[in-house]
2 protein chains.
Amino acid sequence: MLTIGKLGNAAGVKVPTIRYYEQIGLLPEPERSAGNQRLYGKSALERLAFIRHSRELGFPLEAIRDLLSLSDRPDQSCAAADIIAKDQLAAVDARIARLTALKAELERMIAQCAQGTIADCRIIKVLGDHSHCSQDHRISEAVE
Amino acid sequence: MLTIGKLGNAAGVKVPTIRYYEQIGLLPEPERSAGNQRLYGKSALERLAFIRHSRELGFPLEAIRDLLSLSDRPDQSCAAADIIAKDQLAAVDARIARLTALKAELERMIAQCAQGTIADCRIIKVLGDHSHCSQDHRISEAVE
DNA sequence: TCTTGAACCTCTATCTACTAGAGACATTAG
DNA sequence: CTAATGTCTCTAGTAGATAGAGGTTCAAGA
């Protein structure tokens, strides 16, 4: 059995984060030692590793909750998992598109800065007036 | 003079957001009407537009606070503004890099899904075990 | 002039995904 | 046995807003 610290080390997740996941019901309440400390088994480690990896791939916790409950029913269709993953991919794509537009605008802005005084600074000017922008970087309401 | 609603419309910022900006000291406290309603002039509109545009470019509010205080001192060097903008560009670049890696991994994962049952689902499998991943998508600690 | 409805006011709570800290108890190494 | 480290619960804080309750003010129409 693992204490919370060992579990955290093994899964690459900080201790308070594990307790947080338990609090929001993403991890089940574990056994306790005689002294009331949490004790985890192998399945908790697997579940936590699943969560961590999903987080690394950018899935929100609610999506992970759904994926976990899917993985608890191995005989069902995996169409739902496919949808969740595709949603996540679409979200990532949207963010990349938006960030790429931002990057272009920032580069343009920085390139124009002649390193003079604030009064002449293109950066300050551009920020103050969207009409100085080359393109529309206000892509959708996806607030990145 | 503009009421808060007109100001919001003119700048493209929601009313509660304007009050929030005032609360955190990003906008100065405006005049009030006899009935205690906020009244704004042209300079508030310019300042709010500046904030909005900066937010659209992804600058965090603290950076915007710095940029605003720079723009209040027009005779100083704009080197500081340049640094803030370059920092933001670096942050955007880092996020794009990370998201691009995530995108590749998600696409790979989805492509492998044979639409069978959960028991065979590659998505669930991959999420449960990082070793199924082609690359290291855990780029740095920049938690996107 | 009166009234209605929209816009405004303050205040508190909520969201995501954690992180930090206080003060107390448990465990383990030497 | 003691000291250091780990763990416990609880509260509060982070960014950047958004939502709602319950009440007031304003502008326009009848």
Side-chain angles (χ1 to χ4, degrees), chain A residues 1-27 29-40 44 48 50-68 87-88 91-92 95 98 141-144, chain B residues 1-27 29-40 44 48 50-68 87-88 91 95 98 102 141-144:
Chain A
M1 299 299 264
L2 301 164
T3 61
I4 196 168
K6 315 269 184 194
L7 177 71
N9 263 353
V13 175
K14 285 176 193 150
V15 167
T17 304
I18 297 173
R19 288 196 278 249
Y20 168 72
Y21 287 162
E22 179 184 325
Q23 188 191 311
I24 63 169
L26 215 54
L27 287 176
E29 293 186 16
E31 292 178 54
R32 298 286 181 135
S33 73
N36 198 36
Q37 300 195 348
R38 290 171 178 81
L39 292 178
Y40 297 92
L48 184 55
F50 185 101
I51 295 170
R52 193 213 160 169
H53 196 200
S54 303
R55 286 295 299 134
E56 284 172 350
L57 286 167
F59 288 91
L61 289 182
E62 279 318 296
I64 297 172
R65 198 189 290 277
D66 293 344
L67 288 166
L68 281 169
D87 281 354
Q88 172 62 12
V92 167
R95 285 149 74 107
R98 166 150 171 88
E141 77 288 0
V143 189
E144 181 244 334
Chain B
M1 299 298 265
L2 299 165
T3 61
I4 196 169
K6 316 270 185 194
L7 177 70
N9 263 353
V13 175
K14 285 176 193 147
V15 167
T17 304
I18 297 172
R19 288 195 278 248
Y20 168 71
Y21 287 162
E22 178 185 325
Q23 189 192 310
I24 63 169
L26 214 55
L27 286 176
E29 294 187 15
E31 292 179 53
R32 298 286 182 137
S33 72
N36 198 36
Q37 302 196 345
R38 291 170 178 82
L39 292 178
Y40 297 92
L48 184 54
F50 185 102
I51 296 170
R52 193 214 160 168
H53 196 200
S54 303
R55 285 294 298 133
E56 284 171 352
L57 287 168
F59 287 91
L61 289 182
E62 280 317 296
I64 296 173
R65 199 188 290 277
D66 293 343
L67 288 166
L68 281 168
D87 281 354
Q88 172 63 10
R95 283 148 74 101
R98 165 148 172 90
L102 292 192
E141 77 291 1
V143 190
E144 180 246 336

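Letters A, B, ... are given to chains in the order of the sequence lines, protein chains preceding strands, and every chain is numbered from 1.
Straight-line distance from the CD atom of B/E62 to the C1' atom of D/dA17: 14 Å, rounded to whole Å. Between the P atom of D/dA15 and the CD1 atom of B/I24 lies a distance of 9 Å, rounded to the nearest Å. In this structure, NZ of B/K6 is placed 19 Å from P of D/dT25, rounded to the nearest angstrom. In this structure, CZ of B/R52 is placed 11 Å from P of D/dA17, rounded to the nearest angstrom. Distance, A/L27 CG to C/dC18 P: 12 Å, rounded to whole Å. Taking atom CD1 of B/I4 as the reference point, atom C1' of C/dC9 lies 10 Å away to the nearest angstrom. As a whole-Å value, the separation of A/R65 CZ from C/dA17 C1' is 12 Å. Atom pair B/L61:CG and D/dT18:P shows a separation of 11 Å (rounding to whole Å applied).
Note: B/H53 NE2 to B/I64 CD1 = 11.0 Å, rounded to the nearest 0.5 Å. Atom OH of A/Y40 sits about 11.0 Å away from atom CD of A/E31, to the nearest 0.5 Å.
Note on A/R38: a side-chain N or O is less than 4.0 Å away from OP1 or OP2 of D/dC8. A/R32 has a side-chain polar atom (N or O) that falls below the 4.0 Å cut-off from OP1 or OP2 of D/dT9. Distances shown here put a side-chain N or O of A/T3 below 4.0 Å from the OP1 or OP2 atom of D/dT7. Regarding contacts with the backbone of D/dA17, a side-chain N or O of B/Y21 is found under 4.0 angstrom from either OP1 or OP2.
Considering only heavy atoms from C-beta on, B/P30 stays 4.5 Å or farther from B/L39 through its side chain. Looking at A/P60 and A/Q88, their side chains come closer than 4.5 Å, going by heavy atoms from C-beta outward.
Within residues 12-20 of chain A, the residues that place at least one heavy atom under 4.0 Å from DNA chain C are, in residue-number order, A/K14, A/T17, A/Y20.
Here A/F59 lies out of heavy-atom contact (under 4.0 Å) with every strand.
Shown here are the side-chain contact (heavy atoms from CB on, under 4.5 Å) partners of B/P16, two or more places apart in sequence or in another chain: B/K14. Residues satisfying the side-chain contact (heavy atoms from CB on, under 4.5 Å) test with A/Y21, not counting sequence neighbours, are A/V13, A/T17, A/I24, A/L26, A/L27, A/L48, A/I51, A/R55, A/L61. In this structure, the side chain to side chain donor-acceptor pair (under 3.5 Å) partners of A/E22, at least two apart in sequence or on a different chain, are A/R38.
With DNA chain D read from its 5' end, the first of the two nearest nucleotides for A/Q23 and A/L39 is the one closest to A/L39.
Counting only residues at least two apart or in different chains, salt bridge (charged side-chain N to carboxylate O under 4.0 Å, His left out) contacts with residues 57-68 of chain A comprise A/E62-A/R65.
Formation of a donor-acceptor pair under 3.5 Å by the A/Q37 side chain with backbone atoms of A/T3 is not found in this model.
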I'd like a table of atom pairs between the protein and nucleotides 22-27 of chain C - only N or O on both sides, under 3.5 Å - with the distance next to each one.
unit_1: C/dA26; atom_1: O4'; unit_2: A/Q37; atom_2: NE2; d: 3.4
unit_1: C/dT27; atom_1: OP1; unit_2: A/S33; atom_2: OG; d: 3.3
unit_1: C/dT27; atom_1: OP1; unit_2: A/G35; atom_2: N; d: 3.4

